[in-house]
Amino acid sequence: MVYTLPIMPELPEVETITRRLSQVLPGKVVAAVDVHAEKSFFGKPSQLVNRKIITVSRRAKMLSIELDSTHSDTQTFLLTHLKMTGQLIYVAGNERVGGGHPTADWTKDLPSAHTRISYHFTDGTALHFNDMRLFGWMKVLDNQQLQEHYEKLGPDINDSAITDTYLFAQFQRRRVPVKQVLMDPSVVCGVGNIYACDALNLARISPFRAANSLSFAEVSTLLAASQEVIDRGIDLQGTTFDGKYVTVDGMAGGYQEKGLAYSREGQPCYNCGSPIQKVKLGGRGTYYCGVCQR
DNA sequence: AATTATGTTGCGGT
DNA sequence: AACCGCAACATAAT
């Protein structure tokens, strides 16, 4: 049985992309912007042309590219949300700069049929935004507009500012299954379906438990477990199934080979050896151990 | 071959 | 306020 799981970039995937782009983009000057799909781009290419990239950063699952202010009084940011199938691929000519090779057909020969926006820099390198399903976007924003995109968000799961006290208080307000609350960006950002499944397995907590039924100690355990699997995802450069997510250099991540519960239906739980089960919870595929996750 | 599942976010309605 | 259903879209699996 071959499983093909649609994987969206979660925090570790966007963090991996951010770290790589932080190495290659600062100092680049935009020469031209080709918008292949109007739906994917908010703003005008003329807002970016001739401007230099200063920094690249991440908040939640969004990636922000800051440009210099040479031709404007205000800071300018290019904010990206990859949603389900977005990719950012950096190339020099038609080569992956980091030596990676394409892991899916639509990452070859860029721009491909799924390339929605291409950024060409003055030194001949380019950044391509691929997005098969067209849910993702890139927006040209000023600082105030950028903050508006951030203000409704809870803290990032791997932000040192998040505490078990905060998370417990949030959980106390919610009766829905804990997995849904763990994945709610207004509560905490960065825990998508894969890492939520794995965090709950590591913490040995059932995804079905009402969020407000967890004790303070359980919330504390779950927070630590979530941070552990997210850190592991970052260390392994994210999770790649079926080439949906790839790094900036076109390479697969490594977490899919080290995961705990997600995609492991029928295989033994690493805590207790019982087979991992798959069910649907809140409309999402949920993998868990019915024996040790209580 | 038509139907279904997929996954994030934000919206409107309860 | 919390919760729920749905829409946005393309594609693979059944």
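Residue numbers start from 1 in every chain, and the chains themselves are labelled A, B, ... in the order their sequence lines are given, proteins ahead of strands. Quick caveat: nothing in here was measured; it's all calculated off a predicted structure.
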### Query
Counting only side-chain N and O atoms of A:R173, is one of them less than 4.0 Å from OP1 or OP2 of C:dC3?
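Answer is no, no contact under 4.0 Å.
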
### Query
Quick one: is C:dC3 close enough that its OP1 or OP2 comes under 4.0 Å of any side-chain N or O from A:R175?
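No, no such contact exists.
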
What's the closest nucleotide to the [X] side chain, out of [options]?
{"X": "A:K278", "options": "C:dC4, B:dT6, B:dT9", "value": "B:dT6"}
{"X": "A:L134", "options": "C:dC4, B:dA5, C:dA10", "value": "C:dA10"}
{"X": "A:V176", "options": "C:dC9, B:dT9, C:dC4", "value": "C:dC4"}
{"X": "A:R174", "options": "B:dT9, C:dC9, C:dC3", "value": "C:dC3"}

### Task
Fill in the dot-bracket string of DNA chain C, one character per base: . for unpaired, | for a pair to another strand, ( ) or [ ] for pairs within the strand, taking Watson-Crick or G-U pairs under 3.5 Å.
.|||||||.|||||

### Query
Heavy-atom count around A:K258 NZ within 6.0 Å, excluding the residue itself: above 12?
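Counting other residues, nucleotides and ligands, NZ of A:K258 stays at 12 neighbours or fewer.
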
### Task
Determine whether more than 12 heavy atoms belonging to other residues, nucleotides or ligands lie under 6.0 Å from atom CD of A:Q144.
no

### Query
Going by heavy atoms closer than 4.0 Å, what residues in residues 142-153 of chain A are next to DNA chain B?
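Residues of residues 142-153 of chain A under 4.0 Å from DNA chain B: none.
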
#### Entry: Where A:I205 and A:Q293 come nearest, the two heavy atoms and their spacing
O-NE2, 2.9 Å

#### Entry: Minimal non-hydrogen separation, A:K278 against A:G285, with atom names
CE-CA, 4.3 Å

Calculate the interatomic distance between [X] atom [atom1] and [N] atom [atom2]; express it in whole Å.
{"X": "A:H81", "N": "B:dT9", "atom1": "NE2", "atom2": "P", "result": "4 Å"}
{"X": "A:L281", "N": "C:dG5", "atom1": "CG", "atom2": "P", "result": "13 Å"}
{"X": "A:Q172", "N": "C:dA1", "atom1": "CD", "atom2": "P", "result": "18 Å"}
{"X": "A:M62", "N": "B:dT8", "atom1": "CE", "atom2": "P", "result": "14 Å"}
{"X": "A:D131", "N": "B:dT9", "atom1": "CG", "atom2": "P", "result": "14 Å"}
{"X": "A:M84", "N": "C:dT11", "atom1": "CE", "atom2": "P", "result": "13 Å"}
{"X": "A:K83", "N": "B:dT6", "atom1": "NZ", "atom2": "C1'", "result": "15 Å"}
{"X": "A:K39", "N": "C:dA8", "atom1": "NZ", "atom2": "C1'", "result": "6 Å"}

#### Entry: Rounded P spacing from C:dA10 to B:dA1 in Å
22 Å

### Message
Please give the distance between the P atoms of C:dC6 and B:dT4 as a whole number of Å.
### Response
14 Å

### Task
For residues A:H149 and A:K139, determine if any side-chain heavy atom of one lies less than 4.5 Å from a side-chain heavy atom of the other.
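Of all side-chain heavy-atom pairs linking A:K139 with A:H149, at least one is under 4.5 Å.
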
### Query
Are A:E66 and A:T55 close enough, and set up right, to give a side chain to side chain donor-acceptor pair (under 3.5 Å), and what steps lead you there?
CA-CA 5 Å; A:E66 179 190 1; A:T55 61; 2.9 Å; yes

### Message
Would the distance check show the side chain of A:R264 and the main-chain N or O of A:L260 forming a donor-acceptor pair, the cut-off being under 3.5 Å?
### Response
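Checked: pair present.
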
### Query
Between A:D249 and A:T247, does a side chain to side chain donor-acceptor pair (under 3.5 Å) hold up when you go through it step by step?
CA-CA 5 Å; A:D249 303 307; A:T247 68; 4.7 Å; no

### Query
Can you check whether A:F41 and A:F129 have ring centres sitting under 6.0 Å from each other?
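For A:F41 and A:F129, the ring centres are not under 6.0 Å apart.
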
### Message
Taking A:R232 first and then A:E228, would you say they form a salt bridge - that is, a charged N and a carboxylate O separated by under 4.0 Å?
### Response
no

